[in-house]
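Below you'll find the structure, written out as structure tokens, and then a few comments.
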Amino acid sequence: MPERIRVVKDDITTLHVDVIVNAANESLLGGGGVDGAIHRAAGPELLAECRTLGGCETGEAKITQGYRLPARHIIHTVGPVWHGGAHGEDQQLASCYQRSLKLAENHGLRTIAFPAISTGIYGFPRERAAQIAVREIQSFLSDHELPETVTLVAFSDDDRTILQRALDG
Ligand code: ADP
């Protein structure tokens, strides 16, 4: 289903989609990497809403408004910290994609963009993460009408290549 999944190299905070996904930490109170960029771009109202959510467990996802972002909503999901791969990291990362897609569907959202969850500060190997992302998204889309399209957002040329290769199989 190549027409429903695409790879772009961009700053996820600039995308005009119904919802962007944040690679958050369990506190949901902001951090570095894409999380910091999203909080800066969305403005302080985001932190105020996040404070009401009571955090989020690894592999789970919660939704907020997008505030000053072009995106209407933000889904905050917490990827696993990489500890070598024998501690359930693959399943937890898969769960991030599954829960985020389910939440988008439940809110009637048609377009969603994901960063490469866990592959920055959390240290998940990039190729392995890309394969899990593509597999979980393809699996979800194959039996759900929503979301209609999924954008995989790379933040470097290398990541774009890795994600495109995973998508091309
Ligand atoms: P994690 O803690 O889940 O590893 P990071 O934010 O450190 O999260 O990294 C996740 C991915 O997001 C990395 O590939 C990083 O390069 C990328 N990234 C960082 N900032 C942005 C941004 N503004 N837009 C899109 N991707 C970003």
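We count ligands from 1, going down the list as the structure has it; atoms in each ligand are counted the same way.
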Practice task
Flag the pair Asp157 and Lys9 as a salt bridge only when some basic side-chain nitrogen lies within less than 4.0 angstrom of an acidic carboxylate oxygen.
Solution key: yes

Handout entry: Ser156 and Asp158: CA distance, side-chain angles, deciding distance, side-chain hydrogen bond (donor to acceptor under 3.5 Å, both in side chains) verdict
Key = CA-CA 5 Å; Ser156 67; Asp158 277 357; 5.5 Å; no

Handout entry: Set of residues that line ligand 1, where lining means a heavy atom lies under 4.0 Å from it
Key = Asp10, Asp11, Ile12, Ala23, Gly33, Val34, Ala37, Ala116, Ser118, Thr119, Gly120, Ile121, Tyr122, Arg126, Val153, Phe155, Asp159

Completion exercise
side-chain contact (heavy atoms from CB on, under 4.5 Å) with Val7: of Leu152, Asp159, Ile162, only one passes, and it is Leu152

Handout entry: Any side-chain heavy-atom pair of Asn25 and Tyr122 under 4.5 Å
Key = yes

Practice task
Evaluate the ring planes of Phe140 and His144, with Trp represented by its six-membered ring, and classify them as parallel (under 30°), tilted (30 to 60°) or perpendicular (over 60°).
Solution key: parallel

Exercise for the section: For residues Arg110 and Leu146, determine if any side-chain heavy atom of one lies less than 4.5 Å from a side-chain heavy atom of the other. Expected result: yes

